[in-house]
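One structure below.
Lettering follows sequence order; numbering is per chain, from 1. Every value quoted in this text rests on a predicted model; they were computed, and no experiment measured them.
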Amino acid sequence: MSKVRVRFAPSPTGGLHIGGVRTVLYNYLFAKKNGGDFIVRIEDTDQTRFVPGAEQYIFDCLKWCGLMPNESTINGGPHAPYRQSERKHLYKQYAEQLIKDGFAYYAFDTPNELEQMRIDFKTVDNPLPQYDGKVRMQMRNSLTLSADEVKKILDENTRHVVRIKMPAEETISFTDMIHDEVSFNSSLVDDKVLLKADGMPTYHLAVVVDDFLMEITHAFRGEEWLSSAPVHILLWKYLFGLEHMPQWAHLPLIMGPSGKLSKRDGVKYGFPVFAINWPQTTAEKNLKTNEFTDGFKEKGFLPEAFINLLALLGWNDGTEQEIYSIEELIENFSIERVHTAGAKFDYEKAKWFNHEWIKKLPVSNYQQRVKELFVSKNVKINDDAHFKKILDLVKERCVLLTDFFDQAVFFYQPPIVYDEESIKSKWDDAKHDFFKELTSKYNGISDWNLNLIEGEFKALATEKNIKIGELQMIFRIILVGSKIGPGVFVIAEYIGNTETISRIDNALINFSLF
RNA sequence: GCCGCGUUGGUCAAGGGGUUAAGACGCCUCCCUUUCACGGAGGAGUCACGGGUUCGAAUCCCGUACGUGGUACCA
């Protein structure tokens with residue numbers, strides 16, 4: 001059996017969303033599992049939709065996810081170029097071969113004429129008429145015009161397209177790796193355009209030709225392509241032979257709260273849909289509505305978690321395992337266990353995956369990103385080793401990387417506001433005196449350590465006959481400002497003797513106002 | 001409209017003729033902790049509907065409903 005070769009074929013028109021990344025992932029897992037190659041081919045055949053920067057952005061996303069291809073526009077390969085616009089000259093001969101063999105024809109209908117056809121043929125039963133076997137003989141094409149006329153039109157360089165001539169009453173079926181047998185009636189499929197007036201191929205011609213030329217063995221794509229699969233099957237049959245056709249796998253769609261997950265869903269429902277923020281979109285959104293969506297990266301996701309959650313959205317290995325490293329995914333992945341039904345994306349579960357990965361991974365893995373977060377919020381981190389210890393202390397309470405800020409700022413700066421509600425009822429003169437006296441006790445500690453901090457505190461509480469728990473609560477508000485964080489005495493130990501006393505002094509002044 | 005693909009708790013899902021129909025997320029209760037988490041113990045909640053086939057159907061078949069994708073010189 002020949003070497004496994006798969007490809008991800010995005011069109012560079014905008015942000016790479018969850019569905020796209022999952023398609024990449026399944027491609028990647030399948031290739032790695034089978035010792036094959038993963039290729040990225042840029043499908044930029046629609047020149048009207050060219051978006052500068054989109055291609056680079058796609059690779060930025062892949063890099064962040066750790067899913068880099070073996071062959072692509074950026075790292076080359078034996079089948080270069082990998083950008084379809086640069087392969088333009090390759091497609092025409094295949095279109096002409098199809099015409100010669102009677103499987104395709106020239107069509108000269110102008111956009112206006114096509115529009116008119118859709119109006120003329122529109123009925124209640126057929127609201128969206130197609131250019132198909134029922135109407136093609138009433139249109140202007142090389143099937144209805146005489147050979148001389150056709151030659152004349154062609155010689156005059158009149159704009160024209162090439163369309164596939166769908167056969168009548170043929171059952172086109174194939175075995176999909178996910179859906180098993182799928183079949184279509186050829187009469188119901190329209191005569192898709194293969195070569196556009198500008199000389200570029202449409203997706204339909206380009207995939208088939210390039211998959212053949214690039215020796216693709218397994219083709220994964222979203223289920224939105226299933227409807228046009230019969231066109232591709234036929235093209236394979238006419239051009240290269242079905243025996244060379246890759247095995248198809250039509251991946252179930254990832255759904256949003258309302259239908260197929262769209263880029264709009266992000267701003268609409270408040271969760272990320274892009275892997276990394278797509279700057280252009282942000283710029284547009286900012287101009288128009290002053291809102292934008294962060295990508296998973298900006299939102300504080302770890303790539304390990306992102307990959308993990310995407311893998312499990314539509315696939316599982318039949319065991320109860322849910323947390324997988326990329327190596328484990330490669331090891332366990334099987335296309336047969338990919339679901340047939342679409343899965344609704346659940347942001348809550350996505351966050352759970354991230355939480356698990358934050359707990360699982362050593363802090364060193366994401367320390368730099370968290371440090372940047374602190375710096376961006378004007379908190380200086382001078383001691384990386386100490387910072388690491390702090391992150392270790394709070395990691396289990398961080399669901400997103402961005403949570404580290406609230407969970408650890410207080411190690412670097414005193415509280416700005418106090419949670420008044422939590423202490424109001426507990427604060428009185430006795431407590432005031434306790435903390436007043438505590439500062440002098442702490443002042444006397446030369447070896448500032450957990451045992452002494454806690455010991456002095458409890459001894460004084462016993463001596464004053466005040467409930468320790470209540471005092472601890474207040475102490476926490478004094479040091480942190482709110483009811484979060486690790487053990488109070490640990491916090492005191494970390495921030496140091498003078499800072500602890502300073503925060504108590506500060507609180508004594510502020511609390512007297514309650 | 002037509003064509004394709006789907007349908008197990010709110011969500012992700014295991015299970016593919018006989019199960020008390022797993023598990024996870026989320027939610028609720030309790031324990032731990034006078035914080036927040038983590039951890040632990042419980043709880044509520046499900047086979048879209050109707051017909052078959054069968055001793056027996058969540059599992060097989062047929063309908064219906066619903067969802068979803070396509071129906072472009074977009075991918």
A:Glu181 side chain to A:Thr175 side chain, donor-acceptor N/O pair below 3.5 angstrom: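 There is such a pair between these side chains.
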
Modelled atom types, side-chain donor and acceptor of A:Asn112 and A:Thr110, under 3.5 Å: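 Short answer, no.
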
Between the protein and nucleotides 32-34 of chain B, which nitrogen or oxygen pairs come in under 3.5 angstrom?
residue, atom, partner, partner atom, Å
B:U34, O2, A:Gly469, O, 2.0
B:U34, O2, A:Glu470, N, 3.0
B:U34, N3, A:Gly469, O, 3.3
B:U34, N3, A:Glu470, N, 2.6

ring-ring contact (aromatic ring centres under 6.0 Å, His included) partners of A:Phe410, counting only residues at least two apart: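 With neighbours one apart ignored, the set is empty.
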
Dot-bracket summary - RNA chain B, pairs being Watson-Crick or G-U whose distances fall under 3.5 Å, with | when paired to another strand: ((((((((.[[[..)..(....]]].(((((.......)))))....[[[[[..)....]]]]])))))))....

Six-ring centre of A:Tyr131, A:Arg163 cation under 6.0 angstrom, axis tolerance 45°: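 Yes, A:Arg163 sits over the ring of A:Tyr131.
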
cation_pi(A:Lys349, A:Trp352) dist<6.0 Å, angle<=45: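 Yes, a cation-pi geometry.
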
Any residue meeting side-chain hydrogen bond (donor to acceptor under 3.5 Å, both in side chains) with A:Glu156, in chain and number order, not counting sequence neighbours: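 Checked A:Glu156 against side-chain hydrogen bond (donor to acceptor under 3.5 Å, both in side chains); matches are A:Lys152.
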
Touch class at under 4.0 angstrom, heavy-atom based, for A:Pro486 against every strand present: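 Base contact - A:Pro486 has a heavy atom under 4.0 Å of at least one base atom.
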
Sugar-phosphate only, base, or nothing, as touched by A:Met200 at under 4.0 Å among non-hydrogen atoms: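 Result for A:Met200 = nothing.
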
Show every donor-acceptor pair shorter than 3.5 Å between a side-chain atom in residues 223-231 of chain A and any protein atom, with sequence neighbours excluded, or say none if there are none.
residue, atom, partner, partner atom, Å
A:Glu223, OE2, A:His179, NE2, 3.3
A:Ser228, OG, A:Trp225, O, 3.2

Minimum-distance nucleotide to A:Arg49 side chain [options: B:G1, B:C2, B:A75]: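 So the side chain of A:Arg49 is nearest to B:A75.
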
Return the value, rounded to whole Å, for the distance between atom [atom1] of [X] and atom [atom2] of [N].
X	N	atom1	atom2	result
A:His250	B:C5	NE2	P	11 Å
A:Leu195	B:C74	CG	P	11 Å
A:Phe404	B:A37	CZ	P	16 Å
A:Leu251	B:G69	CG	P	16 Å
A:Asn308	B:A13	CG	C1'	15 Å
A:Leu253	B:C12	CG	C1'	16 Å
A:Arg41	B:A75	CZ	P	13 Å
A:Glu454	B:U35	CD	P	14 Å

With A:Gln84, the side-chain hydrogen bond (donor to acceptor under 3.5 Å, both in side chains) member among A:Asp44, A:Asp210, A:Asp46: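 Result for side-chain hydrogen bond (donor to acceptor under 3.5 Å, both in side chains) with A:Gln84: A:Asp210.
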
Got a list of protein N/O to nucleotides 6-10 of chain B N/O distances below 3.5 Å?
residue, atom, partner, partner atom, Å
B:G6, OP1, A:His179, ND1, 3.3

Position toward the 5' end of RNA chain B (nearest nucleotide), A:His160 or A:Trp315: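 This one resolves to A:Trp315.
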
Whichever of A:Gly487 and A:Phe184 has its nearest RNA chain B nucleotide further upstream toward 5':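 Result of the comparison: A:Phe184.
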
What about [X], does its side chain sit under 3.5 Å from the base of [N] through a donor-acceptor pair?
X	N	result
A:Arg397	B:C36	yes
A:Lys349	B:A24	yes
A:Ser228	B:G70	no

